[in-house]
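The analysis underlying the following values was restricted to heavy atoms, covering all of them including side chains, and did not include hydrogens, waters or symmetry mates.
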There are 2 protein chains.
Amino acid sequence: MSSTTDNRPIVLTGDRTTGQLHLGHYAGSLKTRTTLQDTHHQFLLLADAQALTDNFDNPEKVQRNVLEVALDYLAVGIDPTKTTIFVQSCVPALSELTMLYLNFVTVARLERNPTIKQEIVLRGFERDIPAGFLCYPVAQAADITAFKATLVPVGEDQIPMIEQTNEIARRINRQVGRDILPECKAMLSNVARLPGFDGKAKMSKSLGNTIVLNASDDDIKKAVNKMYTDPNHLKVSDPGQVEGNVVFTYLDAFDEFPEEIAELKAHYQRGGLGDSVLKKRLYERLVAMIAPIRERRNQFAQDPAYVMDVLREGTQKAQVVTQQTLDEVKNALGLFRF
Amino acid sequence: MSSTTDNRPIVLTGDRTTGQLHLGHYAGSLKTRTTLQDTHHQFLLLADAQALTDNFDNPEKVQRNVLEVALDYLAVGIDPTKTTIFVQSCVPALSELTMLYLNFVTVARLERNPTIKQEIVLRGFERDIPAGFLCYPVAQAADITAFKATLVPVGEDQIPMIEQTNEIARRINRQVGRDILPECKAMLSNVARLPGFDGKAKMSKSLGNTIVLNASDDDIKKAVNKMYTDPNHLKVSDPGQVEGNVVFTYLDAFDEFPEEIAELKAHYQRGGLGDSVLKKRLYERLVAMIAPIRERRNQFAQDPAYVMDVLREGTQKAQVVTQQTLDEVKNALGLFRF
């Protein structure tokens with residue numbers, strides 16, 4: 001287990017445990033994490049408590065997916081000797097810090113959070129916003145600051161969350177008169193969000209437009225066959241459109257030979273290149289990429305005791321680190337201590 | 001330490017640690033607690049975390065008063081072998097339960113809470129309500145349910161808090177399909193709220209109209225002398241008013257011979273009874289009552305290590321009981337467990 005005394009920057013990242021991860025996660029974050037763990041202190045959060053804020057009527061789903069997401073992590077090559085994988089709901093100091101931070105944020109400020117505003121609409125909460133949902137940016141601030149993370153890989157839409165975190169850190173630092181909580185920076189991915197294979201911007205299990213990380217060759221074939229291309233590209237000889245053509249989007253994300261893809265794009269635009277040629281290439285690439293992940297995933301799935309050990313060890317480490325920060329914050333604020 | 005396996009009802013009660021307790025607390029709650037501890041399982045909360053929700057700019061005050069209030073408890077005869085005295089901020093399961101419960105309450109519901117509405121006005125928060133303040137009824141629900149308390153001594157104005165607690169308990173019980181969290185009842189005091197000695201309804205340190213539990217005889221004398229009576233009762237021979245006459249209110253609360261007070265009231269109303277006679281009687285009664293409390297308080301204050309031991313032991317017991325409830329709730333909801 002790597003020590004936190006060296007100078008490597010601390011990264012906090014993670015996923016809500018609401019379902020298996022898929023190719024979108026792989027392209028957007030998982031691949032990066034497998035390299036980040038060599039250069040950074042990476043804490044990887046199985047965000048089951050956060051998942052509850054909009055799944056409180058289905059905690060079983062949230063619980064079941066802790067193990068599923070953990071399997072995804074191990075399958076893609078997250079190395080538990082380099083990355084601390086932990087279960088959010090099993091780290092009490094995160095709740096304690098959240099409760100403390102809630103005193104330093106106004107309700108009006110939480111209601112102004114653009115991400116929250118957007119997600120309230122998305123989830124159809126309207127007037128019935130669960131208090132836990134409104135407060136989850138504060139819980140995120142607790143997650144980030146508890147590990148003193150300075151880098152947080154997020155999408156553009158999550159930047160308001162980083163701002164909220166830094167506001168809380170500054171507020172506490174100002175009150176105690178020194179910088180006990182570092183500010184953090186968003187680590188924006190340069191990979192565009194991968195669309196669903198049906199062309200819809202949002203990839204989700206419920207829409208049935210994802211390719212999960214243990215998809216069978218057959219699943220991959222079916223997905224690629226159904227993949228949205230250019231609806232006006234009827235004959236091979238027709239000039240085709242590359243923009244919004246999901247096959248190209250996926251090739252851009254996963255093919256290892258970008259020059260060849262550039263040539264194929266030119267050819268497609270001129271006309272004379274059929275979808276089937278592209279789909280075959282994508283299918284083969286995805287199989288080559290997913291098959292070893294799937295295999296490793298299946299192996300880990302056969303040894304749940306090992307996976308639980310990984311989570312237990314990571315969670316214990318997270319407990320120690322976060323308790324230390326909680327103690328520091330309590331001491332600095334001058335709260336009661338035994 | 002009494003066991004919780006017998007059939008004695010469980011009571012949760014406590015005080016925000018924002019200042020020394022005074023005669024108002026003694027009449028309203030402390031005296032009752034010294035008898036309740038013989039017939040009930042009494043958990044006594046030093047509510048420092050709750051005190052922070054409107055004192056986040058002055059945590060030192062909140063911290064300092066943990067010990068002051070604990071001294072008040074011991075001084076009036078709360079017996080730590082019968083009552084579990086504990087420090088709220090040192091019981092992590094309370095934060096964890098609160099975070100969990102926040103998912104089961106809507107923001108609109110919290111905003112409708114009449115007690116919160118009133119207190120928001122009282123504290124002049126207006127639009128800048130700290131999120132922690134809005135959420136504190138949920139934290140109270142966590143406090144109460146964590147101990148499975150069925151009785152909560154409160155004032156009339158706190159009844160909405162009890163209702164909120166029971167709503168959460170019912171919501172969780174409904175979801176898990178069995179009654180894991182008991183509902184609680186308000187235990188209303190039959191003692192009217194004691195006014196400040198200046199006649200103002202609100203007793204508070206900042207108004208300087210309280211008599212603290214370690215007041216010197218001289219403090220008591222000064223307070224009684226300044227005590228509001230009937231401003232129209234100028235001569236001894238004048239008929240005097242008993243209603244709103246603070247000396248009588250205090251005599252009603254503390255004199256041991258109610259029949260004699262009834263006679264004095266009649267005499268006062270007829271005329272011919274001077275304030276000084278009443279004030280002397282009240283002074284003597286208060287000195288007789290406060291002197292031993294003050295003495296015990298001073299003794300305990302000279303042994304802070306003992307007081308800390310009491311709090312440590314009580315807090316450890318509270319940690320065990322609340323962790324058990326947290327585990328039960330997590331298991332029943334089907335959350336992740338190692």
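Heavy-atom distances place the side chain of Leu110(B), and not its backbone, under 4.5 Å from chain A. Within the 4.5 angstrom heavy-atom criterion, atoms from both the backbone and the side chain of Leu333(A) approach chain B. For Phe338(B), the parts sitting under 4.5 Å from any heavy atom of chain A are the backbone and the side chain alike. The contact between Thr98(B) and chain A is made entirely by side chain atoms (from C-beta outward), counting heavy-atom distances below 4.5 Å. Interface remark: Leu46(B) contributes no atoms to any contact with chain A (heavy atom separation under 4.5 Å). For a residue to count as touching a neighbouring chain, one of its non-hydrogen atoms must lie under 4.5 Å from one of that chain's; by this rule Val62(A) does not touch chain B. In this structure, the portions of Asp128(B) lying under 4.5 Å from any heavy atom of chain A include both its backbone and its side chain. Looking at Thr17(B), there are no atoms closer than 4.5 Å to chain A (heavy atoms on both sides), in backbone or side chain.
In this structure, Leu52(A) and Leu100(B) have side chains that are in contact, with non-hydrogen atoms separated by less than 4.5 Å. Side-chain atoms of Arg171(A) and Phe56(B), non-hydrogen and from C-beta on, do get closer than 4.5 Å to each other.
Around the CD atom of Glu328(A), the shell of radius 6.0 Å holds more than 12 heavy atoms that belong to other residues, nucleotides or ligands.
Here the closest heavy-atom approach between residue Asn103(B) and residue Thr53(A) is recorded as OD1-CA, 3.2 Å. Looking at every heavy atom in both residues, Glu96(B) comes nearest to Pro92(A) through OE2-CB, 3.4 Å.
Between the CD atom in Gln88(B) and the CZ atom in Phe336(A) there is a gap of 12.5 Å [rounded to 0.5 Å]. Remark: Ser89(B) OG to Leu326(A) CG distance equals 9.0 Å, nearest 0.5 Å. One finds the CG atom of Leu102(B) at 9.5 Å from the OG atom of Ser95(A) (value rounded to the nearest 0.5 Å). With rounding to the nearest 0.5 angstrom, the CE atom of Met99(A) is 9.5 Å from the CD atom of Gln50(B).
In terms of heavy-atom pairs under 4.5 Å with chain B, the best-connected choice from Arg312(A), Arg337(A), Arg109(A), Lys330(A) is Arg312(A). Residue with the most contacts toward chain A among Asp48(B), Thr315(B), Val138(B): Thr315(B) (heavy-atom pairs, distance under 4.5 Å). The candidate from Ile129(B), Leu94(B), Asp57(B), Asn55(B) with the greatest count of non-hydrogen atom pairs under 4.5 Å with chain A is Ile129(B). Highest contact tally toward chain B, considering only Gln175(A), Arg64(A), Glu111(A), is held by Gln175(A) [criterion: heavy-atom pairs under 4.5 Å]. Note on Ala131(B), Ala49(B), Gly334(B), Ala139(B): by heavy-atom pairs under 4.5 Å with chain A, the leading option is Ala131(B).
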